[in-house]
Amino acid sequence: MARKRTILTCAVTGNLTQPSQHPGLPTTPEQIARAALDAAAAGAAIVHLHVRDPATGRGSMEFALYKELHDRIRNENRTVILNFTTGEGGRFVPSEEDPKVAAPGSTLCAPELRVSHVERLRPEVCTLDFNTMWSGQAAVINSPRNVGIMAERIYAAGVKPEVELFGTGDVHMMLHFLEQGILKGPLMAQIVMGVRYGAVANTETLQYFVSQLPKDTEWAAFGIGRHEFPMVAQSWLLGGHARVGMEDNLYIRRGELCRDNAQLVAKAVSLIDHLGGEIASPREARDILGLA
């Protein structure tokens with residue numbers, strides 16, 4: 001049986017990489033949209049999108065920024081699959097004086113707010129984080145109650161959730177939600193490798209994750225930093241899809257900053273081609289994922 005084509009996602013900017021780390025990091029809606037369009041032209045079927053405060057470069061939940069980003073992309077490209085984050089609003093930084101009080105940098109908010117831009121703009125896909133873990137000095141908190149509320153509203157908006165898995169506990173929670181009917185199969189899952197205190201970016205860990213997924217799951221895996229391209233290859237070899245982008249990694253090779261997201265995408269396309277794979281177009285990706 002012929003192997004299905006590989007869906008390549010580009011995660012354009014995220015919320016943790018900083019402009020000080022790369023002079024070309026997209027931060028304004030115009031810059032993020034242009035980066036997404038260039039990534040699509042280079043071979044990405046899906047663009048994973050955050051917005052940032054243009055004045056500070058920090059992650060934002062401002063609807064007007066999402067609306068501008070959405071419209072700028074769709075004015076030029078009607079086919080690339082849009083994947084909005086719902087990860088903003090999950091960070092809690094405990095103050096040193098009283099750990100139960102939020103310190104500056106906390107964004108923890110109601111689950112309804114975290115998905116409001118998805119409900120209003122209705123991209124084809126949005127992320128749904130299952131992790132509760134440490135991220136730097138912040139605790140990322142995704143309680144079962146809040147994840148359930150978000151899932152219900154995402155499905156009601158006609159959007160497909162991409163389940164984000166950072167550790168093995170996330171897998172068990174995902175399977176429990178599937179049993180309860182909170183999640184609906186077939187699932188779309190993204191395995192996050194190489195985050196400190198999360199899943200180790202190696203073959204053995206990825207094999208375990210894949211062994212626990214329902215057989216009809218369309219899954220991808222990606223690595224943070226220097227693990228980005230090894231995990232592109234490893235994911236493909238195990239039958240998965242792939243992700244690259246400046247949210248996860250700023251280097252095209254050791255010691256050399258990437259030019260832009262499109263260069264990272266082009267390298268991933270070449271790598272998969274050299275392994276014997278073929279990249280899915282947005283139309284083919286829709287068929288694989290069961291998107292309208």
Side-chain angles (χ1 to χ4, degrees), residues 1-11 39-40 43-49 79-87 118 122-131 147 150-151 154-155 157-166 168 170-179 181-193 199 205-223 228 231-245 247-248 265 268-269 271-272 275-292:
M1 187 175 73
R3 175 171 173 153
K4 71 181 107 179
R5 296 195 170 198
T6 301
I7 301 170
L8 184 57
T9 294
C10 182
I46 301 175
V47 286
H48 171 58
L49 303 168
T79 61
V80 66
I81 297 168
L82 303 185
N83 176 346
F84 284 177
T85 186
T86 65
V118 171
R122 301 196 175 196
E124 294 96 331
V125 176
C126 72
T127 58
L128 183 60
D129 293 350
F130 270 59
N131 62 316
V147 174
M150 292 168 68
I154 289 166
Y155 282 121
V159 178
K160 188 175 187 72
E162 179 186 72
V163 178
E164 307 297 300
L165 304 171
F166 291 74
T168 56
D170 304 346
V171 178
H172 301 314
M173 183 169 150
M174 177 193 73
L175 294 175
H176 183 59
F177 273 40
L178 188 62
E179 290 174 0
I182 299 170
L183 289 176
K184 300 173 176 58
L187 298 174
M188 178 183 182
Q190 185 75 254
I191 302 168
V192 186
M193 314 289 290
T205 302
L206 185 55
Q207 285 176 320
Y208 172 77
F209 271 90
V210 175
S211 74
Q212 300 303 302
L213 299 176
K215 296 302 182 187
D216 59 354
T217 301
E218 292 296 341
W219 65 271
F222 71 92
E228 180 162 83
M231 286 299 110
V232 168
Q234 187 60 81
S235 183
W236 185 87
L237 289 169
L238 290 177
H241 304 289
R243 165 173 146 170
V244 295
E247 173 175 351
D248 311 321
V265 170
V269 169
L271 178 55
I272 290 169
L275 290 170
E278 295 180 285
I279 297 296
S281 69
R283 184 180 298 276
E284 290 166 334
R286 283 189 173 83
D287 289 341
I288 292 168
L289 295 171
L291 301 176

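Worth saying up front: this structure is predicted, and the values here are computed from it rather than measured.
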A.B. asks: What's the spacing between E162 CD and L289 CG if we round to 0.5 Å?
C.D. replies: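 Interatomic distance, E162 CD to L289 CG, rounded to 0.5 Å: 9.0 Å.
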
A.B. asks: Can you measure from OG1 (T9) to CZ (F222) and round to the nearest 0.5 angstrom?
C.D. replies: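 It comes to 9.5 Å.
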
A.B. asks: Could you go through the side chain to side chain contact (heavy atoms under 4.5 Å, CB included) check for D170 and V192 one step at a time?
C.D. replies: CA-CA 11 Å; D170 304 346; V192 186; over 6 Å; no

A.B. asks: Rounded to the nearest 0.5 Å, what's the gap from OG1 on T217 to CD1 on I191? Could you check?
C.D. replies: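 Between atom OG1 of T217 and atom CD1 of I191 there are 9.0 Å.
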
A.B. asks: Using the test side chain to side chain donor-acceptor pair (under 3.5 Å), find all partners of T168 that sit at least two apart in sequence or belong to another chain.
C.D. replies: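 T168 satisfies side chain to side chain donor-acceptor pair (under 3.5 Å) with no other residue.
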
A.B. asks: Give, for atom CG of L82 and atom CZ of R122, the distance between the pair rounded to the nearest 0.5 Å.
C.D. replies: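 The CG atom of L82 sits 15.0 Å away from the CZ atom of R122.
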
A.B. asks: Check whether any side-chain heavy atom of I46 lies under 4.5 Å from a side-chain heavy atom of H241, and answer yes or no.
C.D. replies: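 A side-chain contact under 4.5 Å is absent here.
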
A.B. asks: Just jot down the side chain to side chain donor-acceptor pair (under 3.5 Å) partners of D129, sequence neighbours excluded, or say none.
C.D. replies: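 For D129, no residue satisfies side chain to side chain donor-acceptor pair (under 3.5 Å) once neighbours in sequence are set aside.
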
A.B. asks: State, yes or no, whether a side-chain contact exists between N131 and E164 at a heavy-atom distance under 4.5 Å.
C.D. replies: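 SC-SC contact between N131 and E164 ruled out.
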
A.B. asks: Looking only at non-hydrogen atoms, find the nearest pair between G239 and W219 and report the distance.
C.D. replies: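 Nearest heavy atoms, G239 then W219: C-CZ2, 3.9 Å.
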
A.B. asks: Working to the nearest 0.5 Å, report the span between CE of M174 and NE2 of H176.
C.D. replies: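 So the gap between those two atoms works out to 13.0 Å.
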
A.B. asks: Which pair of non-hydrogen atoms, one from F84 and one from P123, has the smallest distance, and what is that distance?
C.D. replies: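 Residues F84 and P123, closest heavy atoms: CD1-CG, 3.7 Å.
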
A.B. asks: Supply the atom-to-atom distance H172 NE2 to Q212 CD, rounded to the nearest 0.5 angstrom.
C.D. replies: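 Going from NE2 on H172 over to CD on Q212, the span is 6.5 Å.
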
A.B. asks: According to side chain to side chain contact (heavy atoms under 4.5 Å, CB included), who are the partners of T86, at least two apart in sequence or on a separate chain?
C.D. replies: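 Here the qualifying residues are V115, H117, V118, C126, T127, M150.
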
A.B. asks: Kindly write out the residues that satisfy ring pair (Phe, Tyr, Trp, His ring centres under 6.0 Å) with F209, not counting sequence neighbours, or none if the list is empty.
C.D. replies: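 Ring pair (Phe, Tyr, Trp, His ring centres under 6.0 Å) list for F209, sorted by chain: empty.
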
A.B. asks: Should the pair K160-E218 be classified as a salt bridge under the 4.0 Å nitrogen-to-oxygen rule?
C.D. replies: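 Salt bridge: no.
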
A.B. asks: What residues, two or more places apart in sequence or in another chain, satisfy side chain to side chain contact (heavy atoms under 4.5 Å, CB included) together with P186?
C.D. replies: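 Per chain and number, P186 pairs via side chain to side chain contact (heavy atoms under 4.5 Å, CB included) with D216.
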
A.B. asks: Can you give me the closest heavy-atom contact between L187 and L183, atom names plus distance?
C.D. replies: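 Heavy-atom minimum between the residues: CD2-CB, 4.0 Å.
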
A.B. asks: Just to verify, what does D248 make a salt bridge (charged side-chain N to carboxylate O under 4.0 Å, His left out) with, not counting sequence neighbours?
C.D. replies: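 Salt bridge (charged side-chain N to carboxylate O under 4.0 Å, His left out) check on D248 returns R243.
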
A.B. asks: Which residues pass the side chain to side chain donor-acceptor pair (under 3.5 Å) test with Q207, sequence neighbours left out?
C.D. replies: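 With sequence neighbours excluded, Q207 shows a side chain to side chain donor-acceptor pair (under 3.5 Å) to no residue whatsoever.
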
A.B. asks: Which one of L237, L271, L275 satisfies the side chain to side chain contact (heavy atoms under 4.5 Å, CB included) criterion with V232?
C.D. replies: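 Between V232 and the candidates, side chain to side chain contact (heavy atoms under 4.5 Å, CB included) is satisfied uniquely by L271.
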
A.B. asks: Please name all residues satisfying side chain to side chain donor-acceptor pair (under 3.5 Å) with E124, sequence neighbours left out, ordered by chain then number.
C.D. replies: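 R74, R286.
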
A.B. asks: Only counting residues at least two apart or in another chain, list the ones meeting side chain to side chain contact (heavy atoms under 4.5 Å, CB included) with I182.
C.D. replies: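 Side chain to side chain contact (heavy atoms under 4.5 Å, CB included) list for I182, sorted by chain: A151, F177, Q180.
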
A.B. asks: For G43 and V265, which heavy atoms make the closest approach, and how far apart are they?
C.D. replies: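 Taking G43 first and V265 second, the nearest heavy atoms are N-CG1, 3.9 Å.
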
A.B. asks: Which pair of non-hydrogen atoms, one from T6 and one from A242, has the smallest distance, and what is that distance?
C.D. replies: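 In terms of heavy atoms, the two residues are closest at CG2-N, 4.2 Å.
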
A.B. asks: Would you name the heavy atoms of I7 and A45 that are closest together and state the gap between them?
C.D. replies: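 Smallest interatomic distance, heavy atoms only, reads CG2-CB, 4.3 Å.
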
